[in-house]
Amino acid sequence: MDGVAVAAETLEWSLPVPSVQELATRRPETVPERYIRDDMENIAAIDPSGCPSLVVPLIDMNKLRNNNDSQQQAVELHKLYSACKDWGVFQLQMKSIKKMREQAKEFFDLPLQEKKRSAQQPGSLEGYGQAFVTSKDQKLEWNDMIFLRTLPAQRRNMSLWPQQPPSFRETLGNYSENMREVAVCLMKFMAKALKVEDEKLSQNFQEGNYEVRMNYYPPCPASERVLGLNPHADISGITLLLECGDMPGLQVLKDGQWVFVEPIHDAIVVNLGQIIEVTSNGIFKAPQHRAVANGLKERLSVVTFCYPSSSANIGPAEPLIKLGTPPLYKTVTNEEYFHYFFNRKFDDPFIDMLKLKP
Ligand SMILES: O=C(O)CCC(=O)C(=O)O
Ligand SMILES: [Fe+2]
């Protein structure tokens, strides 16, 4: 059984709350109290434009793949290694994925009643609605989303896949396959960068589970006191994030400072998840990140969570341990991994529970 299925059976994921898109359409002067983050001191972040050391690294997949120029390849591989180790996030240059961007926007532009044809069912995360609303008192995020399992195809719940816009389903299917290729390829190079020449790692992502979350953040009249998405580290292996416009909103915690990830048109953002932090025995980092709101413009992101095959164990890669380094984490089954996740205390970096005592 995979993680989300477990959750759907055991947790109230998504108590019904109003669509923030609908709230924003009425152009209110302020927002309801439940969105105001008196619990957060400072939602401001650093603008990285004047500070090159705070610009998220940019990796070129073509250079990584170019076997005709081994020098260039080695330089890019080293850049990848440093990005995964020092940041846990980087931008990956690739042809822009225009169609998915357009279709995501068209979906959220539909009337509410049409979007609600894909509405989440009680107690389940999958579908159109909000995520992780588990109590009537908790602060709410300025975000509407649609969450769908995409690969392998037999995990799809087609009753929740939007039928509008007309080519949404086909575009999302193709896009997911495209993202699986990217994930598999990245895993090959990440294994190489770790000097773990192990085909199993990328193979596990070839046979892995893929889920897509499309996030919609409308303009917000109280953006400096509201959060689009709470700080978190992803529980995936890796996460591939497509920005649908040029409005910044994603921030990553780097050396104690929140830094904007500036959207680049011909790139996707790669965020390492906690499975890779464990697999790399703590060498690579799953960064804390969050999304802020803004008062000017809507923002959309299409986020693909890439998980290894459910039959693969989660633990430090064996070749790393064989090189003589003690394992920092215990090895668990996929089911155990999600069990730890669902039984964490809310704000815990939950992989700490997998840490072995020195
Ligand atoms: O929309 C964003 O920029 C962040 C999305 C994200 O972190 C997530 O969906 O896990
Ligand atoms: Fe995330």
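For ligands, and for the atoms within them, numbers begin at 1 and follow the listed sequence.
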So between V212, V303, L241, whose heavy atom ends up nearest atom 4 (C) of ligand 1?
L241
Answer yes when D246 and K297 have at least one side-chain N-carboxylate O distance shorter than 4.0 Å, and no when they do not.
yes
Can you tell me which residue and heavy atom of the protein come closest to atom 9 (O) of ligand 1, and the distance to 0.1 Å?
N215 ND2, 3.3 Å
D234 neighbourhood, listing ligand 1 atoms whose heavy-atom distance to it stays under 4.0 Å
10 (O)
Can you check side-chain contact (heavy atoms from CB on, under 4.5 Å) on R149 and E126, steps first, answer last?
CA-CA 8 Å; R149 299 173 200 195; E126 194 163 10; 3.3 Å; yes
Students should be able to answer this: which protein heavy-atom is nearest to atom 8 (C) of ligand 1, and at what distance?
L229 CD2, 3.6 Å
Considering only the protein, which heavy-atom contact is closest to atom 2 (C) of ligand 1, and what is its distance?
Y217 OH, 3.3 Å
Of all N, O or S atoms in D234, which has the smallest distance to the Fe ion (ligand 2)?
OD1
Near S301, which atoms of ligand 1 are under 4.0 Å from a heavy atom of that residue?
1 (O), 2 (C)
Has the side chain of Q251 got a donor or acceptor atom that lies under 3.5 Å from a matching backbone atom of W258?
no
Name of the residue among N313, I235, T331 meeting side chain to side chain contact (heavy atoms under 4.5 Å, CB included) with Y337:
I235
Which heavy-atom pair separates V261 from Q91 by the least distance, and what is that distance?
CG1-NE2, 3.5 Å
Are K105 and E102 ion-paired here, with the side-chain N under 4.0 Å from a carboxylate O?
no
Measure the shortest side-chain to side-chain distance between M94 and M61 over non-hydrogen atoms and say whether it is less than 4.5 angstrom.
no
Tell me which one of M145, R213, H232 gets a heavy atom nearest to atom 10 (O) of ligand 1.
H232
Evaluating non-hydrogen atoms only, which member of E243, R299, H289 is closest to atom 3 (O) of ligand 1?
R299
